[in-house]
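Order of the sequence lines fixes the chain letters, A, B, ..., with proteins taken first and strands second; residue numbering starts at 1 for each chain.
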Protein chains: 2
Amino acid sequence: KARYIVLGNEKGGSGKSTTAMHLAVALMHGGRKVGIIDLDARQGTLSRYVENRAAFVESEGLPLEVPKLEKVLGSTLDHREEAQADEEERLNAAVERLQDCDCLIIDTPGSDSHLSRLGHILADILISPLNDSFIDLDLLARLDAQGRKILGPSIYSQMVWEQRQKRARQGGRPVDWVVMRNRLSHLDARNKQRIGQLLDELSQRIGFRLAPGFGERVIFRELFPQGLTLLDLRETHSSLTMSHVAARQEVRELLRTIGVTEES
Amino acid sequence: KARYIVLGNEKGGSGKSTTAMHLAVALMHGGRKVGIIDLDARQGTLSRYVENRAAFVESEGLPLEVPKLEKVLGSTLDHREEAQADEEERLNAAVERLQDCDCLIIDTPGSDSHLSRLGHILADILISPLNDSFIDLDLLARLDAQGRKILGPSIYSQMVWEQRQKRARQGGRPVDWVVMRNRLSHLDARNKQRIGQLLDELSQRIGFRLAPGFGERVIFRELFPQGLTLLDLRETHSSLTMSHVAARQEVRELLRTIGVTEES
Ligand SMILES: Nc1ncnc2c1ncn2[C@@H]1O[C@H](COP(=O)(O)OP(=O)(O)OP(=O)(O)O)[C@@H](O)[C@H]1O
Ligand SMILES: Nc1ncnc2c1ncn2[C@@H]1O[C@H](COP(=O)(O)OP(=O)(O)OP(=O)(O)O)[C@@H](O)[C@H]1O
Ligand SMILES: [Mg+2]
Ligand SMILES: [Mg+2]
C-alpha cells in the first residue's frame with residue numbers, strides 16, 4: 001500500500017512546495033515510484049516545478065526521474081455542496097490514477113480549502129514546514145504578549161485536529177504529524193532559541209513530532225526553472241559547496257525523521 | 001479623500017501582512033489617522049498583530065497609536081453569487097466605517113479570492129512584496145528553463161491586469177502598482193542580481209514600479225507578540241542595533257517610493 005505524505009500549513013510561504021519537491025526527488029533517487037497530487041493547482045508551484053523538470057530532462061537528455069503529476073483544481077460549480085462533491089470525486093480519481101506508486105506526495109495551499117482538508121484526511125504522514133517566526137507560530141498556537149506562554153491551540157492546529165478525528169472515525173491509522181522548521185537563519189540565535197523552546201513545549205501539548213528542518217539556503221530555490229534540486233547535482237556533474245553538503249544532510253535528516261529510508 | 005494602499009500577492013508568505021503593519025505604524029507616527037481592513041481574516045495575521053498591539057499598549061500604558069481595524073471574513077453562504085454579493089456588501093460597510101481615516105491599508109490573502117479581487121479594485125497604490133526567488137517570480141511571469149527570458153505574464157499579474165481594467169471601466173484613477181523585494185539575503189549576491197535584472201525587465205513589460213525593499217532581518221518579525229514594530233522602539237527606550245537602523249531606512253524608502261511622506 002502506498003504511503004501518503006501530505007505537506008500542510010495554512011500559513012503561506014512556509015515551504016510546503018519546496019519541501020514536497022525535495023522529498024519527491026529524494027525518494028525517486030532511492031528507487032521508489034513517486035506520484036504527486038497538487039491540491040494548490042491554481043498557484044501550482046509544485047506542478048510548475050515538476051513540469052520544468054520534465055522539460056529540462058527531455059531537452060538535456062538527463063538520466064533523471066520525473067514524478068507522475070496529478071493536478072486537482074478547485075471546483076467551478078456554484079453551489080457549495082455540489083462543488084465539494086465534485087472536488088472529492090476528482091481527488092479520488094487522481095489517487096486512483098496513481099495507485100501503482102509506492103509513495104504519494106500531496107501539496108496543499110497556504111490557506112484553508114475543502115480540497116486541503118480532504119488532503120489532510122489522506123495523510124499517513126503530515127509534514128508542516130514553518131518559518132522561524134512568531135507570525136508563523138501564531139497559526140499553531142496563541143501565545144501571551146511576551147511570547148513565552150502558550151494560551152491555547154490556533155486555527156491550523158484545530159483544523160488538523162478535526163481531520164485527525166474524521167480519519168479515526170473512518171478507521172484510518174493515526175496521522176503522524178511532523179512539524180519542520182524552515183529557512184532557519186544562520187545569525188539570530190536568540191529568536192531561534194525562543195521559537196525552539198516554544199515548539200518543544202507545543203509538540204507535547206498539541207501532539208506533533210519535531211523534525212530538525214532546513215536552513216535558509218539559496219540552493220533550495222535557485223534550481224526551480226530547471227525543475228532540479230541539489231540532490232540531482234550529482235547527475236549534472238556540478239561542484240558542491242559547503243551549503244549544498246549541509247542542505248543534502250538536512251533532506252536526509254527529514255527522511256530519517258519520517259521513517260522513510262533513502263534506499264528502498 | 002482617503003488613500004487606499006492594498007497589499008497583494010497570490011504567492012503565500014511574501015511579506016504582505018508584515019509590510020502592511022510597518023506601513024500603518026509609519027503613517028501613524030507621521031500623524032495620519034490609519035484604518036486597516038483585513039481581507040485575510042481567517043488567518044488574520046494583520047488582525048492579530050493589531051490586537052496584540054492594542055493589548056500591549058493598554059497593559060503597559062504606552063503612548064502609541066493603534067489603527068482602527070475592520071475584519072471582513074469570507075461568506076458562509078452556499079451559493080457563489082449570493083456569497084459574492086454578501087462579501088461586497090460587508091466590505092463596503094467596513095470601508096464606510098473607516099471614512100474618517102486619512103489612509104486605509106488593506107491586507108489580502110496569499111491565494112486568489114473574491115474578497116482579494118474586490119480589494120485590488122479599491123487600490124490607489126498596490127504593493128506586492130516578493131521573496132527573492134524564482135518560485136515567487138513564477139506568479140508574476142513565466143520564464144524559460146535558464147531563468148533568463150520572460151515568456152509571458154502569469155496568474156497574479158493577469159489578475160492584477162483584470163482588476164485594473166475593471167477599475168478603469170468604473171472611472172477610477174489608475175492603480176499605481178509597486179513591487180517590493182522582501183527578505184533580501186545579505187549573502188547570495190548572484191541569485192540577487194539575476195532576480196534583480198529580471199524584475200527590472202518585468203517592470204517595463206508588465207507595468208509596475210520597483211521599490212528598494214526589505215532585507216531579511218529578525219527585527220521585522222520578533223515584536224509580533226507585543227504588536228510593536230522597530231518604529232515604535234523610540235517610545236519604549238530600547239537600544240537600536242545596526243540592523244534596526246537599516247530596517248528603519250528601508251521602511252522610509254518604501255514610503256518615499258509610494259509618495260507618502262512620513263510627516264503629514
Ligand atoms: N530552506 C529554504 N531556503 C531558502 N529559501 C526557501 C527555503 N524554503 C523555501 N524557500 C523560499 O521561500 C518561499 C516560500 O516557499 P514555498 O513556496 O515552498 O512555500 P509554500 O508553503 O509552498 O507557499 P504557499 O503557501 O504559497 O503554497 C519561496 O520563495 C521559496 O523559494
Ligand atoms: N523582511 C523580513 N525579514 C524577516 N522575516 C520576514 C520579513 N518579512 C516577512 N518575514 C517573515 O516571513 C513570513 C511571511 O511573512 P508574512 O506573513 O508577512 O507574509 P504574507 O504575505 O502576509 O503571508 P500570507 O500569504 O500567509 O498572508 C513570516 O514568518 C514573517 O515573520
Ligand atoms: Mg506552495
Ligand atoms: Mg498575510
Side-chain angles (χ1 to χ4, degrees), chain A residues 10-18 40 42-45 48-49 52 55-56 59-60 76-81 83 109-113 131-139 142-148 155-156 183 185-188 190-192 194 216-218 221-227, chain B residues 10-18 40 42-45 48-49 52 55-56 59-60 76-81 83 109-113 131-139 142-148 155-156 183 185-188 190-192 194 216-218 221-227:
Chain A
E10 270 190 58
K11 181 68 194 78
S14 50
K16 297 177 288 291
S17 304
T18 300
D40 188 17
R42 173 179 159 88
Q43 185 190 104
T45 298
R48 301 269 305 135
Y49 211 147
N52 289 350
F56 191 68
S59 72
E60 305 289 313
T76 53
L77 298 180
D78 280 337
H79 203 280
R80 188 184 301 269
E81 266 167 42
S111 58
D112 180 38
S113 74
N131 280 300
D132 228 31
S133 163
F134 286 110
I135 286 185
D136 279 45
L137 213 58
D138 195 52
L139 264 73
R142 294 277 183 255
L143 302 176
D144 70 346
Q146 277 56 48
R148 300 221 180 277
I155 55 166
Y156 181 62
R183 300 188 73 172
S185 160
H186 310 295
L187 299 165
D188 56 345
R190 199 169 52 107
N191 182 69
K192 218 157 115 176
R194 282 176 75 186
E216 166 84 25
R217 304 180 192 285
V218 76
R221 57 182 176 203
E222 65 181 345
L223 301 173
F224 171 78
Q226 294 88 12
Chain B
E10 269 189 60
K11 181 68 196 76
S14 50
K16 296 176 289 290
S17 304
T18 299
D40 189 15
R42 173 179 157 91
Q43 185 189 105
T45 297
R48 301 269 307 135
Y49 210 148
N52 289 350
F56 191 70
S59 74
E60 306 289 312
T76 54
L77 298 180
D78 279 338
H79 203 278
R80 189 183 299 270
E81 267 167 43
S111 58
D112 180 39
S113 75
N131 279 302
D132 227 31
S133 162
F134 285 110
I135 286 187
D136 278 43
L137 214 58
D138 194 53
L139 263 72
R142 293 276 185 260
L143 302 175
D144 69 350
Q146 277 55 51
R148 303 219 177 276
I155 56 165
Y156 180 63
R183 300 189 72 172
S185 160
H186 311 294
L187 299 165
D188 54 84
R190 201 179 47 141
N191 183 67
K192 220 157 115 177
R194 284 175 74 187
E216 166 83 25
R217 302 181 194 283
V218 76
R221 56 179 177 209
E222 66 180 346
L223 301 174
F224 172 79
Q226 294 88 12

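- Only the side chain of A:Ser111 comes within contact range of chain B, judged by heavy atoms closer than 4.5 Å.
- Interface residue B:Leu77: only backbone heavy atoms are found under 4.5 Å from chain A.
- For chain B, the option among A:Arg221, A:Lys11, A:Arg42 with the highest count of heavy-atom pairs below 4.5 Å is A:Arg42.
- Neither the backbone nor the side chain of B:Ser14 comes within less than 4.5 Å of any heavy atom in chain A.
- Put simply, of A:Leu223, A:Asp40, A:Asp112, A:Thr18, the one with the most heavy-atom pairs under 4.5 Å next to chain B is A:Asp112.
- There is no contact between B:Ala55 and chain A, counting heavy-atom distances below 4.5 Å.
- Counting heavy-atom pairs closer than 4.5 Å to chain B, the top residue among A:Arg183, A:Glu81, A:Arg194, A:Lys16 is A:Arg183.
- Every ring pair (Phe, Tyr, Trp, His ring centres under 6.0 Å) that A:His79 has, sequence neighbours left out, goes to B:His79.
- For chain A, the nearby part of B:Arg190 is the side chain; its heavy atoms alone come within less than 4.5 Å.
- B:Lys192 places no side-chain N or O within 3.5 Å of a backbone atom of B:Asp132 that could act as its donor or acceptor partner.
- Between chain A and the residues B:Gly12, B:Gly13, B:Pro225, the most heavy-atom pairs under 4.5 angstrom are made by B:Pro225.
- Listed options A:Glu10, A:Glu222, A:Arg80 were ranked by heavy-atom pairs under 4.5 angstrom with chain B; first place goes to A:Arg80.
- The residue among B:Leu137, B:Thr76, B:Asp136 with the most heavy atom pairs within less than 4.5 Å of chain A is B:Thr76.
- Ranked by heavy-atom pairs under 4.5 Å with chain B, the first of A:Pro109, A:Ala145, A:Gly15, A:Gly110 is A:Ala145.
- The line from CG of B:Leu187 to NE2 of A:His186 is 7.5 Å long, rounded to the nearest 0.5 Å.
- Counting heavy-atom pairs under 4.5 Å between each of A:Asn52, A:Ile155, A:Thr45, A:Asn191 and chain B puts A:Ile155 at the top.
- Under the side-chain contact (heavy atoms from CB on, under 4.5 Å) criterion, B:Asp138 pairs with A:Arg48, A:Phe224, B:Arg142, sequence neighbours left out.
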